[in-house]
Amino acid sequence: MYRPMRQNKPRRVIHDVAELPVLCDCAEAGLLLRRNPEVIAKMAKEGVLKGAKQGQSWFFRRDDLVEYMDKLFETGGTGA
């Protein structure tokens, strides 16, 4: 049986950090870090990302996300 190939959905891309709001949710943080929102929530739960949980949603300050990215490049991508 022939199955048509599944089309890849075009992904929104962040070209500049200023495109993000000052307070980001998991989806917006995921756009910046190029990760799935579920992965972002898991990183926050594990303490890898600084975040605040409001109800069942995680929120992140844009500056904290930029700081996390800067640390990634300082340590050579290990995240530690």
Side-chain angles (χ1 to χ4, degrees):
M1 180 170 135
Y2 172 76
R3 290 184 182 187
M5 294 205 44
R6 201 164 105 186
Q7 295 292 323
N8 289 333
K9 292 182 181 179
R11 206 171 164 186
R12 184 172 165 223
V13 177
I14 297 294
H15 297 286
D16 189 345
V17 176
E19 293 178 37
L20 288 177
V22 175
L23 191 63
C24 302
D25 61 14
C26 286
E28 292 161 335
L31 287 172
L32 179 65
L33 300 177
R34 309 281 172 116
R35 298 282 181 255
N36 190 301
E38 288 84 14
V39 172
I40 298 295
K42 183 178 177 186
M43 291 171 72
K45 183 179 179 182
E46 293 173 351
V48 176
L49 285 176
K50 291 182 189 177
K53 193 168 186 183
Q54 183 73 32
Q56 293 189 352
S57 301
W58 282 96
F59 294 96
F60 309 91
R61 288 185 286 199
R62 178 176 60 196
D63 295 340
D64 290 339
L65 296 172
V66 171
E67 181 181 320
Y68 171 77
M69 286 192 319
D70 290 342
K71 284 181 184 178
L72 283 177
F73 286 97
E74 289 172 7
T75 61
T78 61

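Note that these values count all heavy atoms, side chains included, but never hydrogens, waters or copies made by symmetry. Predicted model, so just to flag it, every value in this text is computed and none were measured.
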Who else is in the cluster with Leu23 when I, L, V, M, F, W and Y are joined by side-chain contacts under 4.5 Å?
-> Phe59
Could you state the interatomic distance from CH2 (Trp58) to CG (Leu49), rounded to the nearest 0.5 Å?
-> 9.5 Å
Indicate yes or no: at least one non-hydrogen side-chain atom of Cys24 is less than 4.5 angstrom from one of Leu32.
-> no
Side chains of Ile40 and Phe60 in contact at under 4.5 Å (non-hydrogen atoms) | yes
When every non-hydrogen atom of Pro37 is compared with those of Ala27, the smallest separation belongs to CG-CA, 3.9 Å
For Glu46, which residues count as a side chain to side chain contact (heavy atoms under 4.5 Å, CB included) partner, sequence neighbours excluded?
-> Lys42, Val48
In chain order, what residues pass the side chain to side chain contact (heavy atoms under 4.5 Å, CB included) check against Ala52, with sequence neighbours excluded?
-> none
Taking Asp25 for the side chain and Glu28 for the main chain, is one N or O donor matched with an acceptor at less than 3.5 Å?
-> yes
Residues 53-66 vs salt bridge (Lys or Arg N to Asp or Glu O under 4.0 Å), sequence neighbours excluded, gives Arg61-Asp64
Kindly compute the distance separating SG (Cys26) from CE (Met43), expressed to the nearest 0.5 Å.
-> 10.5 Å
Lys50: what forms a salt bridge (charged side-chain N to carboxylate O under 4.0 Å, His left out) with it, not counting sequence neighbours?
-> Glu67
